[in-house]
Amino acid sequence: MINKIKNIRENKGYCEDKIYLIEKNNETGFFLMNEKVAFVCFSKNTKSKNIKTNLLLLQTRVKIISVENNNSFESGYYDLILFNDILESKTFDTFVALCRLLAKKIDYDIISYFFMLVEMFSRSNENSKRNSIGLFGELYFIYNSYKKFGVFIQKNWHINHSSDISDFQFSRFQVEVKTTTRINRKFKLKYDQLILPRNLFLTALNVYKDTPEGMTIEKLIDDILKINEFANDIDFLMKIEIEISKIDLADKKTRYYVWNEAFFHIDDLNIFKDVPNNITDIQFDYLFSNERESDFISIFNNDVRDEL
């Protein structure tokens, strides 16, 4: 999209005060307005609203009469979400991707979607970077749950934030996915994850890195989105866009191959229990050796199938 914007700006007669069409998607589109990019759609609102954050601006029921480079533009009332930051950035790319998702959703409410975008971007700023291996493990667990049991657990993933105590939350238990390239079963754990009074399982994945039979996170996402239930879940797609935006481009090309998968319940781990209240944010490496593996497969298959 950046190249399209550059072409518009380089055209003879370009004027910052006029509106230009960048890209059209059915009844929605991206427009260049006062040097800012706005996602625009026909208004479904009867009242005008104006809500601004540091990054985004929502305006509803705005009268647009004409567009400079589109003679067939239909004048009328429109709603728009304007991106109010630097265009040459990962954040802008994510904004465009998320708005394109909205364009696919027929029954959208742009005001609700605006607040969803605000929430999503606030999440992405909390942890601006992450390694692909962690996200790969979480998405692998989602995909493998579908392949093995035919269940869709994407709605249980990152219910509040990607920094939740656990990756997946179900009514009867929680699941934290740990992924490592180490040959042994040494994983980094957070003390807060182990002391809360919940029914928590750890899914431990050992992976080989950069092997021919491995799969990149981009290929894994492509395979997941070939399944309609995943591809049509806008909230899930938004979460993926936010998480993938935190990963460096080179890291997206890393291939992973899962060669071992094991499940443990936190009650079977040999960990210290008593820590003073004024000591927080403890992280440590834990080597799984003689811990009893849980019969998580049957528990997951029965409980999750009943729940979903």
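The chain is numbered in sequence order, starting from 1. Heavy atoms only: backbone and side chains are in, while hydrogens, waters and symmetry mates are out.
Residues near I65 contribute nothing to a hydrophobic cluster around it, because no ILVMFWY side-chain heavy atom sits closer than 4.5 Å to its side chain. Taking a 4.5 Å side-chain heavy-atom cut-off between Ile, Leu, Val, Met, Phe, Trp and Tyr, the cluster of Y77 contains only that residue.
Among pairs with a residue in residues 208-229, those fulfilling ring pair (Phe, Tyr, Trp, His ring centres under 6.0 Å) read Y208-W259, at least two apart in sequence or across chains. Residue pairs meeting the salt bridge (charged side-chain N to carboxylate O under 4.0 Å, His left out) criterion with at least one member in residues 222-231, sequence neighbours excluded: K219-D223, D223-K226. For residues 32-64, the pairs satisfying ring pair (Phe, Tyr, Trp, His ring centres under 6.0 Å) are F30-F39, F42-Y78, with sequence neighbours left out. Sorted by first and then second residue, the salt bridge (charged side-chain N to carboxylate O under 4.0 Å, His left out) pairs with a member in residues 48-76 read K18-E68; sequence neighbours excluded.
Evaluation of the salt bridge (charged side-chain N to carboxylate O under 4.0 Å, His left out) rule for K155 yields D233 as partners, not counting sequence neighbours. Under the salt bridge (charged side-chain N to carboxylate O under 4.0 Å, His left out) criterion, E35 pairs with R9, not counting sequence neighbours. The salt bridge (charged side-chain N to carboxylate O under 4.0 Å, His left out) check on K36 picks up nothing, with sequence neighbours excluded. Looking at residues two or more places apart in sequence or on another chain, you find a salt bridge (charged side-chain N to carboxylate O under 4.0 Å, His left out) between K253 and E218. Taking N228 as the reference, N232 meet the side-chain contact (heavy atoms from CB on, under 4.5 Å) condition, with sequence neighbours excluded. I8 meets the side-chain contact (heavy atoms from CB on, under 4.5 Å) test with Y14, Y20, I22, L32, N69; sequence neighbours excluded.
Looking at D285 and K188, a side-chain N of the basic residue comes within less than 4.0 Å of a carboxylate O on the acidic one, giving a salt bridge.
No donor-acceptor distance shorter than 3.5 angstrom exists from the side chain of D268 to the backbone of E291, with no hydrogens or angles considered.
Between the side chains of N50 and S48, no donor-acceptor pair of N or O atoms lies under 3.5 Å.
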